[in-house]
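Written out below as structure tokens is the structure these notes cover.
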Protein chains: 2
Amino acid sequence: MASVKDVAKLAGVSVATVSRVLNDSAAVSPGARARVQAAVDELGYRPNAVARSLRTDATRTIGLVIGDILNPFFTELARAVEDEARTLGLSVVIGNADERPERQDHYVRTLLEQRVDGLLLCPTAEITPLVRDTVAAGLPLVFLDRTLPGLEVPAVRADGAAAVDALVAHLKRLGHRRIAFVSGPALLSTGRERTDAFISALARHGLEVRPEYLEAGDFQAASGRAGAARLLELPEPPEVIFAGDNLMALGALDEIRARGLRIPGDVGLASYDDVPWFTHLDPPITAIGQPVQDLGRRAVRALAERVAGRPVEPVVLQARLLVRRSCGETEGSG
Amino acid sequence: MASVKDVAKLAGVSVATVSRVLNDSAAVSPGARARVQAAVDELGYRPNAVARSLRTDATRTIGLVIGDILNPFFTELARAVEDEARTLGLSVVIGNADERPERQDHYVRTLLEQRVDGLLLCPTAEITPLVRDTVAAGLPLVFLDRTLPGLEVPAVRADGAAAVDALVAHLKRLGHRRIAFVSGPALLSTGRERTDAFISALARHGLEVRPEYLEAGDFQAASGRAGAARLLELPEPPEVIFAGDNLMALGALDEIRARGLRIPGDVGLASYDDVPWFTHLDPPITAIGQPVQDLGRRAVRALAERVAGRPVEPVVLQARLLVRRSCGETEGSG
DNA sequence: CGATGTGGTGTAAACGATTACACGATGCGC
DNA sequence: GCGCATCGTGTAATCGTTTACACCACATCG
């Protein structure tokens, strides 16, 4: 593959001039510029980003470590990150942690070795030594969707407390009193926050918080199904099951269907996180939607600021309730 | 960030020895090895992959350019590719072409500059000059899912002819005669193949191929919806709509629902490509499933072979029919 | 007319790793 | 004790860029 030396030779100039033409970094005479361009075209020269990165100590690449690439929430998030990065001229290397801390660390390590300019991390579980070291080493880092307490790292996330409150209000209006929640892992900030939001929303609306209506899941479909099964076998089963993420909602849906129960007639279903196919189910699933596009874009911009050495504030966007028909019909909508 | 020089100084050896310890590339005395290890740990040294790549002319990174990251088929494919690559110690940089040739080329260009060791490409539309040049330049390349005719590039893909035939047989057995197909773009090999398979399956089963039952779509949901709308407004609408991919099936589903029609009572629906939520719909959607995991894994292995300089044969796996209930009940299953 | 820019260019030193080559110290066979 | 292989090590070149620095030619200004 042709190098700047080859281009220089063919154009009859020095490598410095070639580099100057390629980067517009200094004045070059029109003649030299034209000859360099011609040589570049003739040789099909492509700058070697590896060499450039070594010299400039910048890769124009960021890393994105997500929780689970098969979770449509993260897929959409990755897509948004890519889009924004591309407009900024950055490449994105995606690592799929598969919700496993050791795999998260694997990718963080690899990305570190690849010398990404910055890292977008959706942390899996608690702080690992590697993450702590990375922060300490001063690599530009931004948490996305999830945060880790006690680290000086800005986070870009969505707050769902108001939306959860609106959901509980909606359910109460429909006459429901017995509402169950299948939570995410307490190790994850999103897991904790959603549970807290649910509990305080119940309290605020004067509904009883029954411990047996709190099922612990792990953001995967199987746990949603298992949680739903336990809830539905309670002597007094809940009127509505609220799942802490879309995968657990899917699991709960399976279990409800497998038992031959009807939604919302026999039991209502709601989900944290909205995914496209929720609207295609019968009935469509009531969900709490996060501004995923914005989350991704803002995270990239925040990281770019950090890479440029500027301080950034945490970003908190608002999730919102999307009322559909899976918890019962609202007057006027059926 | 610490470099080999720092490690060498701290360990009291030369950089060559450090490198030898790190790569196990030659005999090193136990004492020196231990001192190097200690220095590495103390400094938290991480090798700079950028420098290493420059010197060794290998990045241990492959590129993957997919058609549309929001299409669950490609998401799953990307996941499989990542998994296999990881076991081989390779990193994957994903580019999302969004089904746009210019965006595909953008990523190919970037990946070329990043000097990936090889490229997995799900080509969007016809051969672009860049792709032709890339092949000519000798970069290890493997086509995945889709192929481009006339290029000396091995492809890893799934053949669906038998599955489409089985689908038509299944539909015929259920008493259906009027079967419509919403095709993918004829520019894509997968679009063409599926249409051909459909037409010859009809012929083989003695069913009429009616031109008005062939709707041209583009693998996106909107075109599936539009195609279904036109089909359903025909004087003699089809008994079953077979969509050329999962997104168009989604669009068709929307249109069918919007018209208040029942599946399969009023019209049947089948889809090429299976996605997890098909089984969660009511009724579950009959689909043709591709061995996505295998496709991804085989593609990575084929590319690794090419990178190693060994020739590889094209790989053709078989898609298979997954009978569910969206085209009518088979005896014994309802 | 000499001093002082300034525009255009080239030379060579980095960046951080790998590795060819050279070299001294041992061990071994004869 | 000599020759020779082997082991362990260090020096320095190299990969393909960018860029500090030096330089020359020319214009401008007092």
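Just so it is clear: chains get the letters A, B, ... in the order the sequence lines come, proteins before strands, and each one is counted from 1. The shown structure was predicted, so the numbers you read here are calculated from the model rather than taken from an experiment.
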Under 4.0 Å: is that the gap between some side-chain N or O of [X] and OP1 or OP2 of [N]?
X	N	result
B/Arg55	D/dT14	no
B/Ser29	D/dT9	yes
B/Ser14	D/dT11	no
A/Ser25	D/dT18	no

Mind checking [X] for me? I need base, sugar-phosphate or nothing, with any heavy atom below 4.0 Å counting as a touch.
X	answer
B/Asp57	nothing
B/Val50	nothing
A/Ala49	nothing
A/Ala26	nothing

Please state how far atom [atom1] in [X] lies from atom [atom2] in [N], giving the value in whole angstrom units.
X	N	atom1	atom2	result
A/Arg20	D/dT17	CZ	C1'	13 Å
A/Asn48	D/dC15	CG	C1'	9 Å
A/Arg60	D/dT17	CZ	P	18 Å

Want to settle it: does A/Pro30 or A/Ala16 sit nearer the 5' end of DNA chain C, counting the closest nucleotide to each?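 Comparing both residues, the 5'-ward one is A/Pro30.
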Do B/Asp83 and B/Thr87 meet the criterion of a side-chain donor-acceptor pair at a distance under 3.5 Å?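 There is no such pair (donor and acceptor under 3.5 Å, judged by atom type) between the side chains of B/Asp83 and B/Thr87.
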Short side-chain donor-acceptor distance under 3.5 Å, B/Asn71 and B/Thr75: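 There is no such pair between these side chains.
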Shortest non-hydrogen contact from A/Leu64 to A/Leu111?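 Minimum heavy-atom contact is N-CD1, 4.4 Å.
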Counting side-chain heavy atoms from C-beta on, which of D/dT9, D/dA12, C/dT11 comes nearest to A/Val15?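 Comparing D/dT9, D/dA12, C/dT11 against the side chain of A/Val15, the answer is C/dT11.
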Would you indicate whether the side-chain heavy atoms of B/Leu120 and B/Phe143 approach each other to under 4.5 Å?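 Contact flag for B/Phe143/B/Leu120 side chains = no.
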